[in-house]
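A quick write-up on the structure given underneath.
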Amino acid sequence: MSKVVGIDLGTTNSLVAFVGREGPFVIRDGSGDALLPSVVSVDAGDVVYVGREAQRRLLTDPNRSVYSVKRFMGRGAGDVAAEAGHFPFALGGSGSGVVRIGLGGREFTPPEISAFILRELKRRAEAYFAGQGEFDPEVDRAVITVPAYFNDAQRTATRDAGRIAGLEVLRIINEPTAASLAYGLDRRRTGVIAVYDFGGGTFDISILRVEDGVFQVLSTNGDTHLGGDDIDRLLVGMVVSEAGLGEAADAARLQAIRQAVIQAKWDLSERDETEIVVADPGPAAPGGWLFRRRLGRDEFERLVRPVVDRTLGPCRLALADAGLEASAIDEVVLVGGSTRIPLVRRLVQEMFGRPPHDDLNPDEVVALGAAIQAHIMVSGSRDMLLLDVTPLSLGIETMGGAMSKIILRNSTIPASGTEMFTTFVDNQTAVDIHVLQGERELVADNRSLARFKLRGIPPMPAGLPRIQVRFQIDANGILSVSARELRTSVEQTIEVKPSYGLTDEEVERMLLESFEHAETDVEARFLIEARNEAETVLRATEKSLRNPDLEAAKADLAPGELAAIESALADLRSSMGSPDRAVIEAKTKALNDVTLHLAEVMMNRGVRAALTGRSVDGV
């Protein structure tokens, strides 16, 4: 039978996982990488690149490369107008219509871009199953995760992306809930868990009660526009200001700066100081560097503290909605790459009064949970039960521009709600139903989801018709609304599709285009894999050269050895854009060969330091 996988469709990285005989695991690519960068690039010949190769093209062709597309899922063009200037790619569309992303001469919607990422994960999984000798390696169904605070439009856009990628989306589940499933696999304890999910572009906090394998979401809160991207933007702004770039900060330089500060952010999760090193992607500056400077963890934490503090407000609101004090939380689970930042861990510990629990890789835990949910659905296993909630209230517009809530936020789904209405004008034969989502009292302050008209009501005096409006939310968090006049049984039902969503016809067209533009050139994939391996070697070498212990290690190196390493490093970096796979592979091998002794020296020094520390501890 075809396989069913779990997918974490992330802002920064995406992953695919599966439950095998030994339990859930993340499926890796040929080079052992579990993470697929959520980046898509389209070259002048309309060839689409996804992942590491697209990430590299951010430096060479930023106007044709898109990242953080999850921030635009299910949002109207008007919603993103204020932030369009932060990105090198073009953001367009009209009014409340779906966002359009311009890459060169082509335009894509966010679900189309996400579909490229999903299709690459599908291909990765199928390659893995084929390599295992599976008779049928096809992957055609998936459970996909979304932030808990994603609204109906964002969930619908995610489901559309799956359809475009050729996947039947069996279930859309909240990321914190998926994380709780992953942790609950081997621990059936009773208690209350706070899942703190701080990713690349979104933040969620969910409070769950776990009892005998039943995971019940008590409350959820968050911000779909808060994540590691905001930290990166602060650091980029600091570099641009200190380097005095001004108008010289073109798209290519901004991407070079962005990648350098992300590396510095990663370094500072492991040590107290690092160096921001930005190679000039344009005309070489003196020494080939656009910017260099040391950055300590204390300074980094002062800079990013306001962003991290913004996560604490939703935590307090989630606790209040669950009717709990922080002291009632038995365990805190960390999810998302941004939780590796030591400041985040400290503030979370202060907030909940206990050290956060992070047994599982925070980058992988959501995908593992999605795979477990997929396994439960196809195997019929009922060892675990998932009780999720809707993050925002749903209702309709009533007279005077007020919103009448029919399903309240934090209601367990699947959920339904019914309310009775009537007419306000004599002989009214039709009623407009305006579906809304949000927590405010007035229509203007909430998000419009859909409008439809109940027609065929017999003429009656105002107040006499009895109109029953029923809301139903399925297990994916997708809403359908029906309106029925009880005296005559006239009824109208719709599945709510946001005004800035995609029509069925558009989805079908995109699906057909995906086949027409599918990458068929095997050599192109070999080139991508060669570049992926080269980038891995580059990153490892650059990390070694930034290591504070390097100065002391120089005494163990031969004269000119460090210069030879830097020369081979520069050669490989300059060859990355070459269309000749053999050139990249040769330069990669040359750098590997010349760094062997350095790696041996650094490893020996690390072992000696560890042994020395152990003997001191034993005194």
Side-chain angles (χ1 to χ4, degrees), residues 5-18 26-29 33-43 46-58 64-75 87 89 99 101 103 106-128 139-147 150 154-169 172 175 178 199-202 227-229 336-337 363-364 366-367 370-371 502 507 510-511 513-515 517-519 524-525 528 532:
V5 296
I7 292 177
D8 174 7
L9 184 60
T11 305
T12 306
N13 296 293
S14 296
L15 305 92
V16 58
F18 183 71
V26 171
I27 298 174
R28 301 173 185 272
D29 66 11
D33 198 348
L35 304 179
L36 176 74
S38 301
V39 186
V40 174
S41 184
V42 182
D43 71 9
D46 279 348
V47 176
V48 177
Y49 299 94
V50 181
R52 296 285 175 208
E53 178 63 16
Q55 192 176 55
R56 282 189 287 272
R57 288 176 54 81
L58 280 171
R64 288 178 170 270
S65 307
V66 58
Y67 59 91
S68 297
V69 70
K70 187 171 177 176
R71 283 178 173 256
F72 311 121
M73 292 286 278
R75 305 183 71 211
F87 299 95
F89 45 87
V99 177
I101 298 170
L103 301 179
R106 297 177 64 184
E107 280 194 339
F108 300 89
T109 63
E112 282 181 280
I113 296 293
S114 294
F116 287 126
I117 298 167
L118 291 173
R119 198 175 294 118
E120 181 65 19
L121 292 172
K122 179 179 186 291
R123 188 205 66 79
R124 175 184 290 189
E126 289 175 341
Y128 168 79
V139 172
D140 60 1
R141 292 168 293 167
V143 168
I144 302 178
T145 62
V146 296
F150 254 27
Q154 291 165 310
R155 292 167 191 267
T156 300
T158 303
R159 188 170 60 175
D160 286 344
R163 287 176 59 196
I164 297 168
L167 290 167
E168 179 188 352
V169 181
I172 293 173
E175 290 164 4
T202 57
D229 283 355
D363 284 322
E364 299 181 1
V366 168
L502 300 176
V507 172
M510 293 169 185
L511 186 56
E513 288 179 355
S514 72
F515 295 129
H517 294 90
E519 186 179 345
R525 180 159 299 281
I528 290 170
N532 287 344

I want to check something: taking the side chain as every heavy atom from C-beta on, are [X] and [Y] in contact at a cut-off of under 4.5 Å?
{"X": "R163", "Y": "V169", "value": "no"}
{"X": "P110", "Y": "I101", "value": "yes"}
{"X": "T158", "Y": "M73", "value": "yes"}
{"X": "F108", "Y": "V42", "value": "yes"}
{"X": "L121", "Y": "L15", "value": "no"}
{"X": "V40", "Y": "V69", "value": "no"}
{"X": "L35", "Y": "D363", "value": "yes"}
{"X": "I7", "Y": "V143", "value": "no"}

Would you say [X]'s side chain and [Y]'s backbone share a donor-acceptor pair under 3.5 angstrom?
{"X": "R124", "Y": "A34", "value": "yes"}
{"X": "E112", "Y": "T109", "value": "yes"}
{"X": "S41", "Y": "Y49", "value": "no"}
{"X": "R155", "Y": "F150", "value": "yes"}
{"X": "R75", "Y": "R71", "value": "yes"}

(message) Under a 4.0 Å threshold between the charged nitrogen and the carboxylate oxygen, would R52 count as salt-bridged to D29?
(response) no
(message) Between the side chains of K122 and E126, is the shortest nitrogen-to-carboxylate-oxygen separation below 4.0 Å, so that they form an ion pair?
(response)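 Salt bridge flag = yes for K122 with E126.
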Enter the distance from [X]:[atom1] to [Y]:[atom2] here, rounded to the nearest 0.5 Å.
{"X": "S65", "Y": "R56", "atom1": "OG", "atom2": "CZ", "result": "11.5 Å"}
{"X": "L58", "Y": "R64", "atom1": "CG", "atom2": "CZ", "result": "14.0 Å"}
{"X": "D160", "Y": "S114", "atom1": "CG", "atom2": "OG", "result": "10.5 Å"}
{"X": "K70", "Y": "I113", "atom1": "NZ", "atom2": "CD1", "result": "16.0 Å"}

(request) Mind running side-chain contact (heavy atoms from CB on, under 4.5 Å) on R119 and I164 for me, showing each step along the way? (result) CA-CA 9 Å; R119 198 175 294 118; I164 297 168; 3.9 Å; yes
(request) State yes or no: are the ring centers of Y67 and F89 separated by less than 6.0 Å? (result)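 Yes, the ring centres sit under 6.0 Å apart.
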(message) Set out, in order, the CA-CA distance, both residues' side-chain angles and the distance that settles side-chain contact (heavy atoms from CB on, under 4.5 Å) for V48 and D43, then state yes or no.
(response) CA-CA 7 Å; V48 177; D43 71 9; over 6 Å; no
(message) Please determine whether side-chain contact (heavy atoms from CB on, under 4.5 Å) holds for the pair V39 and I117, giving the CA-CA distance in whole Å, both sets of side-chain angles, and the decisive distance to 0.1 Å.
(response) CA-CA 8 Å; V39 186; I117 298 167; over 6 Å; no
(request) Determine, stepwise, if the pair D140 / E168 fulfils side-chain contact (heavy atoms from CB on, under 4.5 Å). (result) CA-CA 6 Å; D140 60 1; E168 179 188 352; over 6 Å; no
Non-hydrogen atoms of [X] and [Y] that approach each other most closely:
{"X": "T202", "Y": "T11", "result": "N-OG1, 4.3 Å"}
{"X": "L118", "Y": "A165", "result": "CB-CB, 3.7 Å"}
{"X": "A17", "Y": "A367", "result": "CB-O, 3.4 Å"}
{"X": "A125", "Y": "I27", "result": "CB-CD1, 3.8 Å"}

(message) With no hydrogens and no angle check, just 3.5 Å: does a side-chain donor-acceptor pair link D229 and S68?
(response)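 Result is yes, a qualifying pair exists.
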(message) Holding to side chain to side chain contact (heavy atoms under 4.5 Å, CB included), I want the full list of residues that pass it with T145, two or more places apart in sequence or in another chain.
(response)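 In terms of side chain to side chain contact (heavy atoms under 4.5 Å, CB included), with neighbours along the sequence ignored, T145 is linked to D8, I173, E175, A178, V366, A370.
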(message) My understanding is that only residues two or more places apart in sequence, or in another chain, count here; which of them pass salt bridge (charged side-chain N to carboxylate O under 4.0 Å, His left out) with E364?
(response)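 Salt bridge (charged side-chain N to carboxylate O under 4.0 Å, His left out) check on E364 returns R28.
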